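Computed from a predicted structure; not experimentally measured. In listed order, ligands and their atoms are each counted from 1.
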Amino acid sequence: MPVEEFVAGWISGALGLVLGHPFDTVKVRLQTQTTYRGIADCIVKIYRHESLLGFFKGMSFPIASIAVVNSVLFGVYSNTLLVLTATSHQERRAQPPSYTHIFLAGCTGGFLQAYCLAPFDLIKVRLQNQTEPRAQPGSSPPRYQGPVHCAASIFREEGPRGLFRGAWALTLRDTPTVGIYFITYEGLCRQYTPEGQNPSSATVLVAGGFAGIVSWVAATPLDVIKSRMQMDGLRRRVYQGILDCMVSSIRQEGLGVFFRGVTINSARAFPVNAVTFLSYEYLLRWWG
Ligand SMILES: C[N+](C)(C)CCCC[C@H](N)C(=O)O
């Protein structure tokens, strides 16, 4: 099984992640808290209250986990295509796989990475939602002191299954949308690249950026539900399951709730995925 794709997926994911984390914090806050009036208000409040560091809450764990998560995403995608079409990454420019195969390989990658991502994503969301400023003498410390403490507390208070809270919503979010992610990327690359050639850097950046935006727009309704299910269980349980969370969110906030955070998420998705695909493609060309 070719491993370059796994390594390239890891490095490119880490680069994209650091770039996108401040956007991600604003998104999670807008999705799960009602104290902010909009993106600008949220940014100003985080900065005033928690300084620049506030934007980077919950980042160390995703950085560590991206090694697993993004390499599973890209590695499984590429190796599923290898199984389906019997062409390696290098041969795919000359013999492009069909969109059906790309979609199926993307869904497989999305499904498997969702399970690896679930506990890391849960911890990220819990830490991002702590609004206390950094520990100051005299003030009460935040509930979770860091990722490891957060994981241990969830394990203790909510049981081992608590670490997978929201995992189903995450799987439903990622299985089809990772398919959409790769179809958009490949489609745009093919559109702007002469047959048989490698896409230019500009094409890869734009195609990667749009793949991020399109797939995140499609993923946003389940992303909101996922984030809410992950925060559930912190005090007393509110939702009985995905459907219940959907229905009660719509009842209370209307259909617009499904698009909470979509603007900031798209603003994040473009640079993150442009950088991710550019570094992925170049690492593979360099090694190939
Ligand atoms: C398919 N879905 C939209 C869920 C995400 C796929 C993009 C993953 C990328 N690491 C990012 O964080 O943007």
Side-chain angles (χ1 to χ4, degrees), residues 5-6 8-28 31 58-59 61-78 102-118 120-122 124-125 128 166-188 204-227 230 258-281 283:
E5 283 93 340
F6 287 96
W10 160 34
I11 300 177
S12 59
L15 289 173
L17 187 119
V18 176
L19 200 66
H21 198 77
F23 295 94
D24 196 70
T25 301
V26 175
K27 178 203 80 173
V28 167
Q31 286 179 339
M59 192 180 74
F61 221 39
I63 282 285
S65 64
I66 200 83
V68 186
V69 174
N70 235 52
S71 68
V72 169
L73 178 68
F74 281 87
V76 170
Y77 167 72
S78 194
I102 293 176
F103 184 71
L104 289 177
C107 292
T108 313
F111 181 80
L112 289 176
Q113 67 103 41
Y115 258 82
C116 308
L117 177 64
F120 297 113
D121 192 64
L122 172 74
K124 179 198 72 128
V125 167
Q128 283 175 318
W168 266 115
L170 187 64
T171 311
L172 283 178
R173 183 196 82 176
D174 280 6
T175 305
T177 54
V178 172
I180 295 175
Y181 180 65
F182 283 109
I183 285 208
T184 313
Y185 175 70
E186 271 300 318
L188 286 171
V204 171
L205 282 172
V206 172
F210 275 107
I213 293 189
V214 172
S215 64
W216 270 114
V217 170
T220 301
L222 275 161
D223 189 49
V224 175
I225 301 302
K226 184 264 325 163
S227 299
Q230 287 172 325
F258 283 145
F259 287 92
R260 279 265 193 108
V262 73
T263 315
I264 184 82
N265 215 359
S266 306
R268 168 191 173 277
F270 195 93
V272 169
N273 292 288
V275 166
T276 299
F277 272 105
L278 188 72
S279 37
Y280 176 73
E281 290 279 352
L283 286 169

* To do: Measure from the side-chain N and O atoms of T184 to the backbone N and O of I180, and report whether any donor-acceptor pair falls under 3.5 Å.
  => yes

* Sidechain-backbone polar pair: S279 side chain, T276 backbone, donor-acceptor under 3.5 Å -> yes

* To do: Ignoring angles and geometry beyond distance, decide whether Y181 reaches within less than 3.5 Å of ligand 1 through its nitrogen or oxygen atoms.
  => no

* **Chi angles and distances behind the ring pair (Phe, Tyr, Trp, His ring centres under 6.0 Å) call for F210, Y185** => CA-CA 7 Å; F210 275 107; Y185 175 70; over 10 Å; no

* Does the side chain of R268 come within less than 4.5 Å of V272's, by heavy atoms? -> yes

* Which of parallel (below 30°), tilted (30 to 60°) and perpendicular (above 60°) describes Y115 and F111? -> tilted

* At what distance is the nearest protein heavy atom to atom 1 (C) of ligand 1, and which residue and atom is it? -> T177 OG1, 3.3 Å

* Considering heavy atoms of the protein only, find what lies nearest to atom 12 (O) of ligand 1 and give residue, atom and distance to 0.1 Å. => R268 NH2, 2.9 Å

* To do: Just need the protein heavy atom nearest to atom 13 (O) of ligand 1, so name the residue and atom and give the distance.
  => W216 NE1, 2.9 Å

* To do: With heavy atoms only and a cut-off of under 4.0 Å, state how N273 meets ligand 1: side chain, backbone, both or neither.
  => side chain

* Going by the atom numbers of ligand 1, which of them fall below 4.0 Å from some non-hydrogen atom of N70? -> 10 (N)

* Structure fact -> Logged contact type for D174 with ligand 1, heavy-atom cut-off 4.0 Å, is side chain

* Using a 4.5 Å cut-off on heavy atoms from C-beta on, say whether the side chain of L117 contacts that of D174. => yes

